[in-house]
Amino acid sequence: MAKPSVDGLGKSSLDMVEDNGVDRLSKLPDDVLLNIVERLDIADVERTTILSRRWKQIPAILSKIFIMVASFQPKHEGRKLTSDDIVRANTNVLEATRSILVKRAGGPHTIHLLRMQFYLGDESIFIGHAVANTIATHKVASVEFTILTKVRTKFTNNDLLTHGRQFMSFLDSCPNTFGGLARLTLENLRLGESDFPKIFSICKQLEVLCLYHCDMGIESLLEVEHSQLSELVIGRSVLIKRVDLKWVPKLTVLKFNMFRSQDDPFCLGYVPLLQTVSIINTGFSWHKMLKISELLGETAISNLHLNFKSEKIWVKPEGRRQLLPVLHKLRLVNLINISEECDLTWIMFILQGAGPFM
């Protein structure tokens, strides 16, 4: 798709310095210059606007906008962020969001990707409302939220519960915003049993969902039914006993990072397009030996990634007859951190199970 033209934006003598080559960037073609600037987050983009009148107009025509809270945090290494630092950074995200979106409100250019990262807090609702106004005008094609929590390490159960309540309040206050999200990343939440079904029902356009240390308490059961979800990432959510993918017709990627359940970490229902399965786990004595044929059920995948992270192996070798139905489409397999005790025979059971196509 062609980039919007920057012609006629009033290039000054500072824009094109032909004699000494000081401003070589401004000599670049419009589409190349936009491509470079679109790789920056909004804080860096705003800094470029002081270079010339041509650069000043660029934020209003960018097709990709990244507003990341990390850009507004203190850069002192080793210094722990204070509550004031976090509130100040979130406030800056809010101001940047309002500034950039208001400037574009009456313009003809669509934002193809709006990617935002911010902390869960009082400012979140105002950020959500600002984005909702843009979604309502159909001036943004895809919106991605990464929502961080103010307590990110050494959190207590009360912290998780507080974060969960804060997020659901945010969701309830901005249903139109969440209804337009394509990607959502959450961390450190403890939600109620009815909360995930509510999230799935409101986030109707969601294509990618990443959950890090999110659960509903000890031995939680997460049931997923969603018509648009194509990628699901479960990371460090060790209290979830099992994820039941009951009806996810567009799911192509499933990633698990760490589980404690004594049973299979997930159950595949209707997932006809599933292609990639990735499991990363440290094996303990209580972990059962997973059988790939039982775990994948009737789903034939093309990419398999297994990272054992320790000497304990938690996958049980199976025969070709059991594995062929689920691995006959396998094209890529990654086996990482395998114990030295596992010889070539152990590794070959997967390749043999994939048949003659590997």
> Does any part of the side chain of Pro265, heavy atoms only, come nearer than 4.5 Å to the side chain of Leu290, both counted from C-beta?
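When only atoms from C-beta onward are counted, Pro265 and Leu290 do touch, with a gap below 4.5 Å.
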> Ignoring hydrogens and angles, tell me if any N or O in the side chain of Glu38 forms a donor-acceptor pair with the backbone of Ser63 under 3.5 Å.
yes
> Between Asp85 and Arg88, is the closest basic N to carboxylate O distance under 4.0 Å?
yes
> Using the ring centroid of each side chain, check whether His163 and Phe155 are separated by less than 6.0 Å.
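No: the rings miss the under 6.0 Å criterion.
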> So which atom in Met68 and which in Val93 form the shortest heavy-atom distance, rounded to 0.1 Å?
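Minimum heavy-atom separation between Met68 and Val93: C-CG2, 4.5 Å.
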> Determine, using the 4.5 Å side-chain heavy-atom cutoff (strictly less than), whether Leu191 and Val238 are members of one ILVMFWY cluster.
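No, Leu191 and Val238 fall in different hydrophobic clusters.
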> Quick one, Phe200 and Leu209 - any side-chain contact, counting heavy atoms below 4.5 Å?
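A side-chain contact exists here, since the closest heavy-atom pair is under 4.5 Å.
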> Only one of Ile279, Val277, Val326, Leu268 clears side-chain contact (heavy atoms from CB on, under 4.5 Å) with Leu295; which?
Ile279
> What's the separation between atom CG in Leu332 and atom OG1 in Thr276, rounded to the nearest 0.5 Å?
8.0 Å
> Checking side chain to side chain contact (heavy atoms under 4.5 Å, CB included) for the pair Phe118/Glu123: CA distance, chi angles, key distance, verdict?
CA-CA 9 Å; Phe118 53 90; Glu123 308 84 7; over 6 Å; no
> Considering residues, nucleotides and ligands other than Asp122, do more than 12 of their heavy atoms fall under 6.0 Å from its CG?
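No.
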> Starting from Met348, can I reach Leu306 by hopping between I/L/V/M/F/W/Y residues whose side chains sit under 4.5 Å apart?
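Same cluster: Leu306 reaches Met348 through Ile, Leu, Val, Met, Phe, Trp or Tyr contacts under 4.5 Å.
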> Could you check Leu330 against Ile350 for side chain to side chain contact (heavy atoms under 4.5 Å, CB included), going step by step and ending with a plain yes or no?
CA-CA 9 Å; Leu330 197 63; Ile350 291 181; 4.0 Å; yes
> Which distance, rounded to the nearest 0.5 Å, do you find between the CG of Leu171 and the CG of Leu184?
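Here the interatomic distance stands at 9.0 Å.
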> Can you name the closest pair of heavy atoms from Arg190 and Leu239 and give their distance?
NH2-CD1, 3.0 Å
> Considering all heavy atoms of both residues, which atom of Ile313 and which atom of Met289 are nearest to each other, and what is their separation?
O-SD, 3.2 Å
> Is the NZ or CZ atom of Arg115 positioned over Phe66's six-membered ring, under 6.0 angstrom from the centre and within 45° of the axis?
yes
> Roughly how far, to the nearest 0.5 Å, is OG1 of Thr282 from CZ of Arg260?
10.5 Å
> Does Trp247 sit in a hydrophobic cluster with other residues, and if so which ones, taking ILVMFWY side chains as linked at heavy-atom separations under 4.5 Å, directly or through other members?
Tyr270
> So does Ile336 have more than 12 non-hydrogen atoms from other groups sitting under 6.0 Å from CD1?
yes
> Supply the atom-to-atom distance Leu251 CG to Leu274 CG, rounded to the nearest 0.5 angstrom.
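CG of Leu274 is found 5.5 Å from CG of Leu251.
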> Between Val87 and Met116, is there a shared hydrophobic cluster once you connect ILVMFWY residues whose side-chain heavy atoms come closer than 4.5 Å?
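Per the 4.5 Å side-chain linkage, Val87 and Met116 are not co-clustered.
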> With heavy-atom distances below 4.5 Å as the criterion, would you say the side chains of Leu120 and Leu189 are in contact?
yes
> I'd like to check Ser261 versus Arg242 (side-chain heavy atoms, cut-off strictly below 4.5 Å). Are they in contact?
no
> For Lys312, I'd like to know if atom NZ has over 12 heavy atoms of other residues, nucleotides or ligands within 6.0 Å.
yes
> Which heavy atom in Val208 sits nearest to a heavy atom in Ser230, and how many Å separate them?
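Taking Val208 first and Ser230 second, the nearest heavy atoms are CG2-OG, 4.5 Å.
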> State, with a plain yes or no, whether a side-chain heavy atom of Glu187 is found less than 4.5 Å away from one of Ile147.
no
> Consider ring-ring contact (aromatic ring centres under 6.0 Å, His included). Of Phe284, Phe308, Phe256, which one does Trp314 pass it with?
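With Trp314 as partner, Phe284, Phe308, Phe256 yield a single ring-ring contact (aromatic ring centres under 6.0 Å, His included), made by Phe308.
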> Is there a path from Ile280 to Ile234 through hydrophobic residues (I, L, V, M, F, W, Y) whose side chains come within less than 4.5 Å of each other?
no
> Begin from the C-alpha positions of Leu232 and His226 and carry the test side chain to side chain contact (heavy atoms under 4.5 Å, CB included) through to its verdict.
CA-CA 11 Å; Leu232 177 63; His226 198 283; over 6 Å; no
> Nearest 0.5 angstrom please: Asp215 CG to Ser220 OG, how far?
4.5 Å
> I would like to know whether Asp159 and Thr156 meet side chain to side chain donor-acceptor pair (under 3.5 Å); could you show each step before the answer?
CA-CA 5 Å; Asp159 291 329; Thr156 65; 3.2 Å; yes
> Looking at Ala70 and Gln117, what are the two nearest heavy atoms and their distance?
N-OE1, 3.2 Å
> Is there side-chain contact between His213 and Leu160, with at least one heavy-atom pair below 4.5 Å?
yes
> Using a strict 4.0 Å threshold on nitrogen-to-oxygen distance, state whether Asp264 and Lys291 make a salt bridge.
no
> Can you list the residues that meet the ring pair (Phe, Tyr, Trp, His ring centres under 6.0 Å) rule with Phe72, with sequence neighbours excluded?
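If we apply the ring pair (Phe, Tyr, Trp, His ring centres under 6.0 Å) test to Phe72, skipping adjacent residues, there are no hits.
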> Can you measure from OG (Ser302) to CZ (Arg331) and round to the nearest 0.5 angstrom?
8.0 Å
> Is it the case that atom NZ in Lys316 sees more than 12 heavy atoms from other parts of the structure closer than 6.0 Å?
no
> Let me check something: any side-chain donor-acceptor pairs from residues 126-135 under 3.5 Å, sequence neighbours excluded? List them with distances.
unit_1, atom_1, unit_2, atom_2, d
His129, NE2, Ser173, O, 3.3
Asn133, ND2, His129, O, 3.4

> Taking C-beta and beyond as the side chain, do Val271 and Phe266 meet within less than 4.5 Å on heavy atoms?
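Counting from C-beta outward, Val271 and Phe266 never come under 4.5 Å.
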> Side-chain heavy atoms under 4.5 angstrom apart, residues restricted to Ile, Leu, Val, Met, Phe, Trp, Tyr: same cluster for Ile100 and Val37?
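Linked within one cluster.
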> Can any side-chain N or O of Thr149 pair as donor or acceptor with the backbone N or O of Val151 at less than 3.5 Å?
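The answer is yes, because a donor-acceptor pair under 3.5 Å joins these two groups.
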> What verdict does the side chain to side chain contact (heavy atoms under 4.5 Å, CB included) test give for Leu34 and Leu62, after you've listed the backbone C-alpha separation in whole Å, the side-chain angles of each residue and the deciding distance to 0.1 Å?
CA-CA 7 Å; Leu34 282 172; Leu62 292 175; 3.9 Å; yes
> Taking all heavy atoms of Asp244 and all of Cys267, pick out the closest pair and write down the distance.
OD1-CB, 3.2 Å
> Any heavy-atom pair between the side chains of Val243 and Phe259 that's under 4.5 Å?
no
